[in-house]
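Below: the structure, in structure tokens.
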Amino acid sequence: MSKVAVITGGGSGLGRVTAKQMAEKGINIVVVDVDQDSGQETVELVKQAGADAFFVKADVSKADEVKKYVDQTVEKYGTIDYFFNNAGISGSGKLFLETDVDEINKIVEINMLGALYGMHYVADVMVKNGGGSIVNTSSSAGVIGQSTVVTYSATKHGIVGMTKSMVAEYAKDGLRVNAIAPGPTETPMVKKYFEDNPEMKESAEQGIPQKRLGTPEEVAELVTFLLTSYAPYINGDVIRIDGGFTSTK
Ligand code: NAD
């Protein structure tokens, strides 16, 4: 019986590339995204890779929509084995005192509440069915402090906290929960951020010991490893994947 993975933010970037890599291993994928067209495109890519897939349009910051993607997955496949809790947005790149409250709320709702709602409904299914594996997407900004990302950084530190505490409560029930902390990785989100803030790109590359940005493929390899049974005793960890960036801070 094929395993089943739910991937939020599956329409783009890290979510899409991970969907493709997991599909190549025969894992069925439920693609969740707020963007219908890109989500459907990922479903087609998964099918081309030989696995089954369907798309659920959902805004992860709305608890009822999160419950909907979980219910639809269970209805179709009976369970959830793997969950890449990944949807997120960056901010405008403004200094914190110049950031308006609406932007603060939006980042917290999507990055922090969206991840909590996802774990709440998905882990419930996993624990009832004997266990499962979750990877939450943190960031370099979730393990160190940086300028112009105060709210984003707060949510990504929050991801680290929820990851560790979930393990304290549910590892005994067969749940594994880990987080990844990627440095700047060449996805559409980062390309847009660097287009809007061009002076940041060169300084970002110069600040990375390997002198380049990461690739979505590299991150997807790590997520697939952590989610699947190749990593059965890694639990509650935060794995940095950043070319050495945070190790030099
Ligand atoms: P991306 O913009 O390429 O993809 C994000 C996807 O999430 C998009 O398809 C978007 O439509 C979807 N999304 C946004 N808001 C949503 C919502 N409310 N509900 C459902 N879907 C929503 O970005 P990415 O770079 O692939 O980022 C994925 C995750 O990785 C994010 O959590 C981001 O913070 C994190 N991250 C990215 C980098 C990087 O450098 N790319 C580094 C560290 C962490």
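Every number for a ligand or one of its atoms is a count from 1 in the order of the listing.
Residue Ile110 touches ligand 1 through its side chain alone, judged by heavy-atom distances below 4.0 Å. The residue Glu186 has no part lying near ligand 1, judged by heavy-atom distances below 4.0 Å. Contacts with ligand 1 closer than 4.0 Å are made by backbone heavy atoms (N, CA, C, O) of Ser138 only, the side chain lying farther away. Only side-chain heavy atoms of Val190 come within less than 4.0 Å of ligand 1; its backbone N, CA, C and O stay farther off.
Residue Ser140 has no nitrogen or oxygen atom sitting less than 3.5 Å from a nitrogen or oxygen atom of ligand 1, judged on distance alone. Of the polar atoms of Ser61, none of the N or O atoms is found under 3.5 Å from an N or O of ligand 1, judged by distance alone. For ligand 1, the polar-atom distance check finds an N/O of Lys156 within less than 3.5 Å of one of the ligand's N/O atoms. Taking any N or O of Ser12, backbone or side chain, at least one lies under 3.5 Å from an N or O belonging to ligand 1.
Looking at residues two or more places apart in sequence or on another chain, you find no salt bridge (charged side-chain N to carboxylate O under 4.0 Å, His left out) involving Glu44.
The protein non-hydrogen atom at the shortest distance from atom 26 (O) of ligand 1 is Leu14 N, 2.8 Å. The nearest heavy-atom contact from the protein to atom 21 (N) of ligand 1 is Val34 N, 3.3 Å. When hydrogens are left out, the protein atom nearest atom 8 (C) of ligand 1 is Asp33 OD2, 3.5 Å; that is the closest non-hydrogen contact. Of all protein heavy atoms, the one closest to atom 40 (O) of ligand 1 is Thr185 N, 2.6 Å. Of the protein's heavy atoms, Val60 N, 3.0 Å lies nearest to atom 19 (N) of ligand 1. Looking only at heavy atoms of the protein, atom 42 (C) of ligand 1 is closest to Gly183 O, 3.4 Å. Nearest protein neighbour of atom 37 (C) of ligand 1, counting heavy atoms only, is Met189 CE, 3.7 Å. The protein heavy-atom contact nearest to atom 36 (N) of ligand 1 is Tyr152 OH, 3.6 Å.
Comment: Asp124 engages Lys128 in a salt bridge, judged by a side-chain N to carboxylate O separation of less than 4.0 angstrom. In this structure, Arg16 pairs ionically with Glu41, as a charged nitrogen and a carboxylate oxygen lie closer than 4.0 Å. Under 4.0 Å is where a charged nitrogen must lie from a carboxylate oxygen, and between Glu195 and Lys191 no such pair does.
Applying the 4.0 Å criterion to heavy atoms of Ser139 picks out, from ligand 1, the atoms 43 (C), 44 (C). Within ligand 1, the atoms closer than 4.0 Å to a non-hydrogen atom of Pro188 are 3 (O), numbered from 1 in the order shown. Within the listing of ligand 1, atoms 28 (C), 29 (C), 30 (O), 31 (C), 32 (O) sit less than 4.0 angstrom from a heavy atom of Asn86. Atoms of ligand 1 lying under 4.0 Å from any heavy atom of Asp59, numbered from 1 in the order shown and given with element: 17 (C), 18 (N), 19 (N). Distances below 4.0 Å separate heavy atoms of Ala87 from the following atoms of ligand 1: 21 (N), 22 (C), 32 (O). Within ligand 1, the atoms closer than 4.0 Å to a non-hydrogen atom of Gly13 are 3 (O), 26 (O), numbered from 1 in the order shown. Heavy-atom proximity to Gly9, at under 4.0 Å, picks out these atoms of ligand 1: 6 (C), 7 (O), 12 (C).
The closest approach between Thr8 and ligand 1 stays at or above 4.0 Å for every heavy atom of the residue. At least one heavy atom of Pro184 sits under 4.0 Å from some atom of ligand 1. At a 4.0 Å cut-off, at least one heavy atom of Ala58 sits close enough to ligand 1 to count as contact.
The main-chain N or O of Gly11 is never found under 3.5 Å from a side-chain atom of Asp35 such that the two would form a donor-acceptor pair.
Every pair passing side chain to side chain donor-acceptor pair (under 3.5 Å) that includes a residue from residues 106-115 is listed here, sequence neighbours excluded: Asn111-Thr155.
Residues Asn85 and Asn136 bring a donor and an acceptor atom of their side chains to less than 3.5 Å of each other. Glu103 and Thr151 form no side-chain donor-acceptor contact under 3.5 Å, judged by distance and modelled atom types alone.
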*List the steps, then state whether salt bridge (Lys or Arg N to Asp or Glu O under 4.0 Å) holds for Lys192 with Asp196.*
CA-CA 6 Å; Lys192 180 171 185 320; Asp196 295 345; 2.7 Å; yes
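No side-chain heavy atom of Tyr82 sits less than 4.5 Å from a side-chain heavy atom of Thr224. Residues Phe83 and Met126 meet the side-chain proximity criterion, which asks for heavy atoms closer than 4.5 Å.
Looking at Thr137, Val56, Thr215, it is Thr137 that brings a heavy atom closest to atom 30 (O) of ligand 1.
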